[in-house]
Q: 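Sharing a structure, written as structure tokens. Questions coming.
If you're wondering where the values come from, they're calculated on a predicted model, not measured in any experiment. Residue numbers start at 1 and run along the sequence shown. Basis for what follows: all heavy atoms, side chains included, without hydrogens, waters or symmetry-related copies.
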Amino acid sequence: MHSEATSNTDLIYGLEDRPNPLQSFCAALQHVLASVVGIITPPLVIGGALGLGEHLPYLISMALMVSGVGTFIQARRPLGIGAGMICLQGTSFAFLGAVLAAGFLVKSRGGSPEDILAMIFGVCFFGAFVQVVLSRFIGQLRRIITPLVTGIVITLIGVSLIKVGITDIGGGFKAADFGAPGNLALGALVLLTIILLNRSRNPWVRLSSILIGLVVGSLVALATGKLAPQPLPDLPLISVPVPFKFGFSFDWTAFIPVALIYLISTIETVGDLTANCMLSRKPFEGPEYEARLKGGVLGDGVSCLIAATFSAFPNTTFAQNNGVIQLTGVASRHVGRYIGAVLLVLGLFPLIGALLQQIPKPVLGGATLVMFGSVAAAGIRILAQVDLDRRSLLIIAGSFGVGLGVAAQPTLLHQMPQIVQSLFDSAITCGGVTAILLSLLLPSEPARETALESSGI
């Protein structure tokens with residue numbers, strides 16, 4: 001049933017609307033398909049780099065399962081934990097550098113794969129308390145993490161993710177046929193299909209645009225030989241979660257970079273939640289907004305605690321989540337419960353996840369590219385709400401210059417200490433920290449100060 005609030009907006013279903021089960025499942029499936037590769041890719045990267053191949057099926061299953069539990073918590077908001085919105089939880093790419101550094105530290109000491117995982121999940125477990133504590137001080141942090149800063153961060157998140165989408169359209173990282181005309185045509189077909197279907201006046205067609213685009217792309221890939229079904233690997237029928245399966249250890253050297261990434265992840269989450277509030281037609285300032293931020297950041301922290309306990313890497317609210325909301329027009333938090341259930345099933349039955357992995361990269365790239373672009377657009381919308389005086393434009397210019405500059409030259413910091421590389425080798429980290437520092441160091445103009453005080457920021 002629709003609420004009156006959604007009748008004059010682009011939303012088909014508002015935050016508290018309840019789509020019927022079939023519509024909810026279709027909307028949930030699009031969120032899952034848009035994120036499942038992002039959820040399982042970090043375990044694949046970490047497992048490959050640290051030689052954890054024998055444990056990869058279990059790590060992937062736990063990543064999907066914990067993502068489902070965390071997403072359900074964010075939507076259900078038990079005991080005030082969670083934002084009460086669709087906040088799909090997924091394995092965070094931001095932690096890759098710090099987690100790999102912790103793993104290589106143990107490996108250099110002659111540690112076994114089990115020792116490596118015990119260290120990683122030990123430092124990630126304690127690091128999650130950084131987010132839990134920060135969630136209690138979101139009001140004070142809002143003086144630092146202003147709409148200007150969150151707009152910059154969310155735009156940088158979208159721009160950074162676009163590289164992932166366009167790489168998939170080419171065929172995937174280090175693909176032998178990268179950039180082949182067939183790959184580009186397949187990605188373009190999916191991209192155009194989603195865009196055209198999304199402009200339909202039929203809510204069902206719009207609701208299913210991403211799903212239909214992926215199906216069309218997969219069928220064309222199958223017909224042209226780009227999708228060659230592979231035999232499924234020999235995996236157990238059900239993955240049973242075991243708390244601290246690989247043990248538990250801790251090291252301050254490994255912990256500090258991870259703890260600092262949790263701080264950066266909190267900034268990302270605030271940006272994602274702000275964009276979510278905008279898309280859901282909910283306030284993005286005031287008591288209700290602050291309560292959602294507190295619950296959402298706390299939900300991320302609790303999700304990370306659960307992840308470390310059950311051998312999954314740190315989670316965060318996925319940015320592409322907002323892209324799916326914008327494209328489908330479905331912001332109902334009740335759909336979040338369906339998303340959580342689907343991810344939980346994928347985690348319990350690893351063969352399903354293995355089957356989804358066979359979707360060709362160009363097909364996924366065509367679908368994710370438009371969503372990642374939507375994330376960047378959401379960040380620009382936040383910046384458009386800010387009074388763009390000389391100070392604000394200088395902060396935007398400096399943050400984008402540093403963030404995108406580091407992204408354009410990824411080897412720039414390779415002669416710096418490892419901890420500096422781990423912390424600042426991404427556009428999001430560099431740009432976000434630059435935005436915060438400039439906001440604190442550059443004095444506000446008198447008119448700007450008055451506007452900030454009157455808006456309660």
Side-chain angles (χ1 to χ4, degrees), residues 39-67 91-131 173-174 233-236 239-265 303-316 347 350 353-354 357 410-426 429:
I39 294 171
I40 66 176
T41 297
L44 287 170
V45 172
I46 293 168
L50 297 176
L52 310 174
E54 62 181 301
H55 299 302
L56 262 181
Y58 181 81
L59 295 176
I60 291 172
S61 286
M62 291 305 104
L64 289 165
M65 195 178 300
V66 169
S67 293
T91 316
S92 174
F93 285 86
F95 287 87
L96 276 181
V99 166
L100 285 172
F104 283 124
L105 178 69
V106 178
K107 199 169 185 178
S108 67
R109 298 171 179 171
S112 66
E114 291 76 15
D115 295 331
I116 292 172
L117 290 169
M119 176 65 74
I120 289 172
F121 296 129
V123 296
C124 287
F125 180 85
F126 284 111
F129 285 102
V130 171
Q131 263 189 321
F173 185 64
K174 289 187 176 179
D234 184 21
L235 295 172
S239 290
V240 180
V242 179
F244 301 113
K245 179 181 175 72
F246 303 103
F248 193 94
S249 60
F250 182 84
D251 186 289
W252 281 103
T253 308
F255 173 74
I256 292 174
V258 169
L260 290 173
I261 298 297
Y262 271 110
L263 172 61
I264 299 299
S265 181
S303 182
C304 288
L305 284 172
I306 296 172
T309 302
F310 292 102
S311 306
F313 299 107
N315 275 14
T316 190
Q357 281 181 261
T411 60
L412 181 70
L413 301 176
H414 283 197
Q415 294 191 39
M416 301 294 286
Q418 184 61 48
I419 188 169
V420 175
Q421 294 182 45
S422 298
L423 291 174
F424 299 108
D425 65 349
S426 77
T429 308

Q: Is Leu117 close to Leu59 at the side-chain level, that is, under 4.5 Å between some pair of heavy atoms?
A: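 Yes, side chains in contact.
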Q: Provide the full list of side chain to side chain donor-acceptor pair (under 3.5 Å) pairs with a residue in residues 114-125, sequence neighbours left out, each pair given once.
A: His55-Glu114, Ser112-Glu114, Ser112-Asp115
Q: Under the side-chain contact (heavy atoms from CB on, under 4.5 Å) test against Pro314, which residue among Ser265, Ser303, Cys304 passes?
A: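 It is Cys304; the other options fail the test.
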Q: Enumerate the residue pairs fulfilling salt bridge (Lys or Arg N to Asp or Glu O under 4.0 Å) with a member in residues 303-315, sequence neighbours excluded, ordered by first and then second residue.
A: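 Sorted result for residues 303-315: empty, none.
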Q: Quick check: Phe248 with Phe126 (ring centres under 6.0 Å apart)?
A: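 Ring centroids of Phe126 and Phe248 are less than 6.0 Å from each other.
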Q: Return the CD1 to OG1 distance between Ile46 and Thr91, rounded to the nearest 0.5 Å.
A: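 OG1 of Thr91 is found 8.0 Å from CD1 of Ile46.
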Q: Can you confirm whether Pro113 sits close enough to Phe246 that some side-chain heavy atom of one is under 4.5 Å from a side-chain heavy atom of the other?
A: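 The answer is no; the side chains never approach within 4.5 Å.
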Q: Give, for atom CD of Gln131 and atom CG of Asn315, the distance between the pair rounded to the nearest 0.5 Å.
A: 10.0 Å
Q: Can you check side chain to side chain contact (heavy atoms under 4.5 Å, CB included) on Val123 and Phe250, steps first, answer last?
A: CA-CA 6 Å; Val123 296; Phe250 182 84; 4.0 Å; yes
Q: Rounded to the nearest 0.5 Å, how far does OG1 of Thr309 lie from CE of Met62?
A: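 One finds 12.5 Å between CE of Met62 and OG1 of Thr309.
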Q: Test of understanding: with side-chain hydrogen bond (donor to acceptor under 3.5 Å, both in side chains), list the residues that count as partners of Ser67, not counting sequence neighbours.
A: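 For Ser67 there are no side-chain hydrogen bond (donor to acceptor under 3.5 Å, both in side chains) partners, ignoring immediate neighbours.
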Q: Kindly give the heavy-atom pair with the smallest separation between Val130 and Leu263, and that separation in Å.
A: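 In this case the closest contact between Val130 and Leu263 is CG1-N, 4.4 Å.
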Q: State, to 0.1 Å, how close Pro43 and Ile40 come at their nearest heavy-atom pair, and which atoms those are.
A: CD-O, 3.2 Å
Q: Any idea how Phe129 and Phe125 line up, ring-wise: parallel (<30°), tilted (30 to 60°), or perpendicular (>60°)?
A: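 Geometry flag for Phe125 against Phe129: perpendicular rings.
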Q: Compare every heavy atom of Val66 with every heavy atom of Ala312, then report the nearest pair and how far apart it is.
A: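 Shortest heavy-atom separation between Ala312 and Val66 comes out as CB-CG2, 4.0 Å.
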Q: Checking Ser249 now: which residues fulfil side-chain hydrogen bond (donor to acceptor under 3.5 Å, both in side chains) with it, not counting sequence neighbours?
A: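 Residues passing side-chain hydrogen bond (donor to acceptor under 3.5 Å, both in side chains) with Ser249: none at all.
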Q: Looking only at heavy atoms, what is the nearest atom pair of Ser311 and Tyr58, with distance?
A: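 The pair with the smallest heavy-atom distance is CB-CE2, 3.8 Å.
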Q: Which heavy atom of Lys107 sits nearest to which heavy atom of Ile116, and what is that distance?
A: CB-CD1, 4.0 Å
Q: What salt bridge (Lys or Arg N to Asp or Glu O under 4.0 Å) pairs are there with at least one residue in residues 241-261, not counting sequence neighbours?
A: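 Listed by first then second residue: Arg109-Asp251.
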Q: What pairs with Phe121 under ring pair (Phe, Tyr, Trp, His ring centres under 6.0 Å), at least two apart in sequence or on another chain?
A: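 For Phe121, the residues satisfying ring pair (Phe, Tyr, Trp, His ring centres under 6.0 Å) (neighbours in sequence not counted) are Phe313.
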Q: Testing the basics here: between Ser239 and Ser61, what is the closest heavy-atom pair and its distance to 0.1 Å?
A: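 Looks like OG-OG, 3.0 Å.
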